[in-house]
Amino acid sequence: MGLLSFLKEKFSKKKTENIESYSEGMAKSRHNFSTKLNTLSKKYKKVNQEYFEELEEILIESDVGVKFALKVIDEVLEESKAKRITDSEEINEILIDHMFNQYMEKGEQVVDVRFVENGPTVLLVVGVNGVGKTTTIAKLAKRYLDRKKSVLLVAADTFRAGATEQLQIWADRLNIEIVKGEYNSDPSSVAYEGMSKAKRDNVDLVIVDVAGRLQSKQYLMDELSKMKRVISKVIPNAPHETFLIIDATTGQNGVVQAKAFAEVTDLTGVVITKMDGTSKGGIILAIRDELGVPVRFIGLGEKMEDLKEFDLESYIYGLCVEK
Ligand SMILES: Nc1nc2c(ncn2[C@@H]2O[C@H](COP(=O)(O)OP(=O)(O)OP(=O)(O)O)[C@@H](O)[C@H]2O)c(=O)[nH]1
Ligand SMILES: [Mg+2]
């Protein structure tokens, strides 16, 4: 049995809350991908060269990236030849299997922040303006507060007017403390202050909101390495996690951003926001393919509870199966 049949059976028996959110949040992506796939298999009962060309187009249009699309299609061709399969619906099942496996094979699967045993765990959150950093930080803070962890926020995004105030609003709502600097002050000194306070108060989790200004790679590298140096001076081995936030609606531009950040700093996770606002949900596969870094969470809406753990099975189901 292919993965798709397995998932249909699994989730039809038990509709988890997660699967409902994925199904709902990924409706646009599903319409773009799965509807086209079904139309294609109706057009070609038996597959041929043209079928695979159109399939490639569908994959690329869903933003999985050209490299990923070609790789997966090669695999599907090989398997279908070896097994002498020509039925297009069966081929589509094989395609989904390979998309899933590609993600799995790329590296580790991990979702939650990995907490260190002693002292504060430091999570850096980086990303360019407007991708959803601040709201994601608030959602993550809430998640760990609900799990009885103490959380401190550090507003090291001092470059955008209003960024600190926004984080302050969230800190007030969540009733947690925040360390912040003046507008345009040195982000590293805010981070230093934040780490000192985290250590003094022995908080469990410190989340640092960092501006990712992409003027040039050298600039970004200098900025991030200075920040990390300062942090590790106060808390050895920190930051323990660095999450990059990518806005799914930016498509291939998001992939370019991801590559740029990965080149200058060690990312331990990616959070993909605004999945509900895009029809190109393949971006998750593209980023995993390019970076190998695990997707930790995905944003499926603007509300607090819309930040979900990334689950590959739910994602594939959301992308492929009409409710
Ligand atoms: N639909 C949807 N909207 C989201 C999601 N995540 C964030 N947003 C919205 O995206 C907008 C920008 O979010 P912010 O958190 O302010 O982004 P930021 O990266 O901190 O932005 P700057 O501080 O301006 O650089 C807000 O209107 C959020 O409500 C999501 O998963 N789905
Ligand atoms: Mg912000």
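Numbering starts at 1 and runs along the sequence shown. Order of appearance sets the numbers: ligands from 1, and atoms from 1 within every ligand.
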Next on the checklist: Need the ligand 1 atom indices (1-based, order shown) with element for anything under 4.0 Å from a heavy-atom of Gly299.
Outcome noted: 31 (O)
Checklist entry - Phe310 and Tyr315: aromatic ring centres closer than 6.0 Å? => result yes
Next on the checklist: Tell me if the centroids of the rings in Phe115 and Tyr144 come within less than 6.0 Å of each other.
Outcome noted: yes
Checklist entry - Between Asp209 and Thr134, is any side-chain donor less than 3.5 angstrom from a side-chain acceptor? => result yes
Checklist outcome for this item: ligand 1 to Gln166, heavy atom cutoff 4.0 Å, flagged ligand atoms 16 (O), 23 (O)
Checklist entry - Can you list the ligand 1 atoms lying under 4.0 Å from a non-hydrogen atom of Gly301? => result 2 (C), 5 (C), 30 (C), 31 (O), 32 (N)
Next on the checklist: Measuring only between side-chain heavy atoms, which start at C-beta, is Val151 closer than 4.5 Å to Leu140?
Outcome noted: no
Next on the checklist: Any heavy-atom pair between the side chains of Thr135 and Thr273 that's under 4.5 Å?
Outcome noted: no
Checklist entry - Do any nitrogen or oxygen atoms of Lys133 lie less than 3.5 angstrom from nitrogen or oxygen atoms of ligand 1? => result yes
Next on the checklist: At less than 4.0 angstrom from any non-hydrogen atom of Leu300, what atoms of ligand 1 do you find?
Outcome noted: 31 (O)
Item to check | ligand 1 atoms in contact with Asn129 (distance to a heavy atom under 4.0 Å) | outcome: 25 (O)
Next on the checklist: What I want to find out is whether Lys83 reaches Glu79 closely enough, with some N-O distance under 4.0 Å, to be called a salt bridge.
Outcome noted: yes
Item to check | Lys228/Asp266 salt bridge by N-O under 4.0 Å criterion | outcome: no
Item to check | Protein contact of atom 7 (C) of ligand 1 - nearest heavy atom, named by residue and atom, plus distance | outcome: Thr135 OG1, 3.3 Å
Item to check | Pair Glu54 + Lys43: basic N to acidic O under 4.0 Å | outcome: yes
Checklist entry - Can you find a non-hydrogen atom of Val131 under 4.0 Å from ligand 1? => result yes
Would you tabulate the side-chain donor-acceptor contacts of residues 69-78 under 3.5 Å, counting partners in other chains and residues two or more places apart, or write 'none'?
from  : atom 1 : to     : atom 2 : distance (Å)
Lys71 : NZ     : Asp289 : OD1    : 2.7
Glu75 : OE1    : His98  : ND1    : 2.7
Glu75 : OE2    : Gln102 : NE2    : 2.8

Item to check | For atom 13 (O) of ligand 1, the protein heavy atom that lies nearest, with its residue and separation | outcome: Gly132 CA, 3.5 Å
Item to check | Lys/Arg-Asp/Glu bridge criterion (N-O < 4.0 Å) met for Asp276, Lys28 | outcome: no
Item to check | Option with minimal heavy-atom separation from atom 6 (N) of ligand 1, where the choices are Ile245, Thr273, Ile298 | outcome: Thr273
Checklist entry - Any side-chain donor-acceptor pair under 3.5 Å between Asp186 and Ser189? => result no
Item to check | Total protein N/O/S atoms whose distance from the Mg ion (ligand 2) is less than 2.8 Å | outcome: 1
Checklist entry - Which is closest to atom 22 (P) of ligand 1 in terms of heavy atoms, Lys303, Arg160, Lys308, Lys139? => result Arg160
Next on the checklist: Please confirm whether Gly130 approaches ligand 1 to less than 4.0 Å, judged on its heavy atoms.
Outcome noted: yes
Item to check | Closest candidate by heavy atom, reference atom 27 (O) of ligand 1, pool Glu302, Glu165, Lys274, Met275 | outcome: Glu302
Checklist entry - Is the shortest distance from a Lys or Arg side-chain nitrogen in Glu322 or Arg30 to a carboxylate oxygen in the other one below 4.0 Å? => result yes
Item to check | Asp276 and ligand 1 - part of the residue with a heavy-atom distance under 4.0 Å | outcome: side chain
Checklist outcome for this item: Only residue of Met99, Arg288, Met104 satisfying side chain to side chain contact (heavy atoms under 4.5 Å, CB included) with Leu312 is Met104
